[in-house]
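Single-structure report; data block below.
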2 protein chains.
Amino acid sequence: MDQSVRRDFIETLARAGILIPGTVAGLYGRGALMERLAEFVSHWVREAGAGDGAEFLRFPPLMARGSFEDSGYFRNFPNLVGTVHCFCGDEEDHRVLMRTHDAGGDWTAQQRASDLVMVPAACYPVYPAVAARGAVAAAGRVFDVCSYCFRREPSEDPNRQQMFRQHERVYIGHAEGARAFRAAWVERARDLASLLGIPFDVVPANDPFFGRTGRILIRGQIEQTLKLELVTPSVAESGETACVSFNLHLDKMAQAFGLALDDQTQAHTACVGFGLERLALAVFWHHGVRARDWPTPLVDALVSHGGRLA
Amino acid sequence: MDQSVRRDFIETLARAGILIPGTVAGLYGRGALMERLAEFVSHWVREAGAGDGAEFLRFPPLMARGSFEDSGYFRNFPNLVGTVHCFCGDEEDHRVLMRTHDAGGDWTAQQRASDLVMVPAACYPVYPAVAARGAVAAAGRVFDVCSYCFRREPSEDPNRQQMFRQHERVYIGHAEGARAFRAAWVERARDLASLLGIPFDVVPANDPFFGRTGRILIRGQIEQTLKLELVTPSVAESGETACVSFNLHLDKMAQAFGLALDDQTQAHTACVGFGLERLALAVFWHHGVRARDWPTPLVDALVSHGGRLA
């Protein structure tokens, strides 16, 4: 997709008050219609999974550095990590900081790494929190989470934001349970994409593992079909964007966080993540920025969830 | 308030699945009942201000470092700031990072300050976004924002979280408009506290300005009654917690961000911030963790907003 098409799309969204671009690539404010769609998708996911007996959990967009290290994320995706740094100095250090800034220098040089890291995916805080409770029922448990996530990939593509929201469902239990969970959510996500009226396909995919070692991990992930994505045509350079991802972790997360099942068998985990901004942007891209031009079933569903559309 | 009372309160909240403590002080996950209250308060603020013609804006919990520097926050509250740092290295740097970690060292030493900073208050991203549009109508404009905010103050008091949510209304316009805006919201906040059934008082207050220079700023803030807070008895060490704050910035934010009015007079700003976690915690502290024990008007309002309480 051509860069000028991307810019036109962002300008259209900005003019309609849907997306508010700032001075940093990939960091946007959002207006009412964007939030209306994002909230609807989030609501839809909860309703679609209502029969799963999921536990509702919400975590802030920061997590403990210790848990983050346990996950191994910084080994596989170092380039996407955001760590939070703080000022630990006294008044004299503070004076140095201000003098440095006033002289055109970098005041952040005094910042020190804290015990907090940006959450890279909504499901990450779930594993340590559940592991801390003790063994999980072998029949399997489902968790409902929704959170801002951070990935350090400044981009001119509005689908690739540095701060974005994922609504996730997470499964912890047996290997077969994990596969069944994923299969069920692939079907549900197809239903959502149909309701939104966007063209889509569900395809095998891989995570952007870093470097040479990463290429081996990517091959393994594809060979074992561990990752599927629901993709839709978009203004991305590749011409399409993944809006939902369906992931089998095998026993990787369970091992990393010490998750155990109460029947002593090996715990497996799986997650399905709905990208709230990406799904909303897909609606704007395929149907335009005026709700009155959208497919009737979508408008009806939006009105039935949140009342009259402005 | 005694430390053991604080610990008991957190344990009660944790057992009820309302708050999920982790390994970092002041960073919590949250369960359904906590979110139900937080969402209700957020909804209440929007309804109470429905006649203000506020513009609905939502910003992520990170902002551009440039705008953050314009605000001067790092001069006044350096100890509360969180900056986001990233890895900018290549594969060889990545190998060093992993070797460092595996040898028990600090892998974050390679992280470099990015152009992103944690948002310290929900209103901060509003000013640069509005300034970028050009002059504001002198009659005044109101903005509705709600966001996670970060303050680096690890604490055993659940009212003092490092990541917390503020629902804010922000006024930009004339000095008299700013005072009228604040006065109206003090009355509305009293109504909310009455509905929640919590004892409260509205009192002059100050921000925790840093160091010796800070003490001068604090004196000025109190003398001019620039900050008011709605406080309620709590498990805080002082015995009370500010749940809502009402702030006159005079022309400080307008000058910092270059906000102009279309009649060429000096722009003033004001904001009122509702602490979603603090207001929810006040309900749990004063009425307990079971919704069936809460005041009838509160239960009725919750049910009318979000349906049956579990």
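Computed from a predicted model, the values in this text were never measured in an experiment. Letters A, B, ... mirror the listed sequences (proteins, then strands); counts begin at 1.
At least one donor-acceptor pair under 3.5 Å links the side chain of A:Glu91 to the backbone N or O of B:Arg212. A distance-only check finds no donor-acceptor pair linking the side chain of B:Thr108 to the backbone of A:Ala113 [under 3.5 Å].
Proximity to chain B (any heavy atom under 4.5 Å) is restricted, for A:Leu116, to the side chain, taken from C-beta onward. Both the backbone and the side chain of B:Leu57 come within less than 4.5 Å of a heavy atom of chain A. Using a 4.5 Å cut-off between heavy atoms, A:Arg36 does not touch chain B at all. Heavy atoms closer than 4.5 Å to chain B are found nowhere in A:Pro125, neither backbone nor side chain. For A:Asp106, the part sitting under 4.5 Å from any heavy atom of chain B is the side chain, from C-beta outward, and nothing else. For chain B, the nearby part of A:Gln162 is the side chain; its heavy atoms alone come within less than 4.5 Å. Contact annotation for B:Ala32: both backbone and side-chain heavy atoms come within less than 4.5 Å of a heavy atom of chain A.
Of all heavy-atom pairs spanning A:Phe150 and B:Cys86, the tightest one is CZ-SG, 4.3 Å. Pairing each heavy atom of A:Phe59 with each of B:Arg30, the nearest pair is C-NH1, 4.3 Å. Closest of all the heavy-atom pairs between B:Tyr28 and A:Pro60 is O-CD, 3.1 Å.
Between chain A and the options B:Met163, B:Arg58, B:Gln110, the largest number of non-hydrogen pairs under 4.5 Å is found for B:Arg58. Chain A forms more heavy-atom pairs under 4.5 Å with one residue of B:Val84, B:Leu97, B:Asn79, B:Leu80 than with any other, namely B:Val84. Contact count versus chain A (heavy atoms, under 4.5 Å) is highest, among B:Ser147, B:Pro78, B:Gly29, B:Pro61, for B:Pro78. Counting heavy-atom pairs closer than 4.5 Å to chain A, the top-ranked of the candidates B:His85, B:Glu35, B:Met98 is B:His85. Heavy-atom pairs under 4.5 Å with chain B peak, among A:Gly214, A:Ser114, A:Ala129, at A:Ser114.
Aromatic ring orientation, A:Phe210 versus B:His94: perpendicular (interplanar angle above 60°, classes split at 30° and 60°). Ring pair B:Phe74/A:His101 is perpendicular by interplanar angle, where above 60° counts as perpendicular and below 30° as parallel.
The structure places CZ of A:Arg152 at 7.0 Å from SG of B:Cys88, a figure rounded to the nearest 0.5 Å. From B:Trp107, atom CH2 reaches atom OG1 of A:Thr83 across 5.5 Å, with rounding to the nearest 0.5 Å. From B:Phe56, atom CZ reaches atom CG of A:Leu33 across 10.5 Å, with rounding to the nearest 0.5 Å.
Contact residues of residues 10-25 of chain B toward chain A are B:Ile20, B:Thr23, B:Val24 (heavy-atom distance under 4.5 Å). Contacts between residues 63-70 of chain B and chain A, counted as heavy-atom pairs separated by less than 4.5 Å, involve B:Met63, B:Ala64, B:Arg65, B:Phe68, B:Glu69.
Salt bridge B:Arg75/A:Asp102: present, at least one basic N to carboxylate O contact under 4.0 Å.
Between A:Met118 and B:Leu62 the shortest side-chain heavy-atom distance falls below 4.5 Å. The shortest side-chain heavy-atom distance between A:Val81 and B:Gln111 falls under the 4.5 Å cut-off.
Around CZ of B:Arg99, the count of heavy atoms belonging to other residues, nucleotides or ligands within 6.0 Å exceeds 12.
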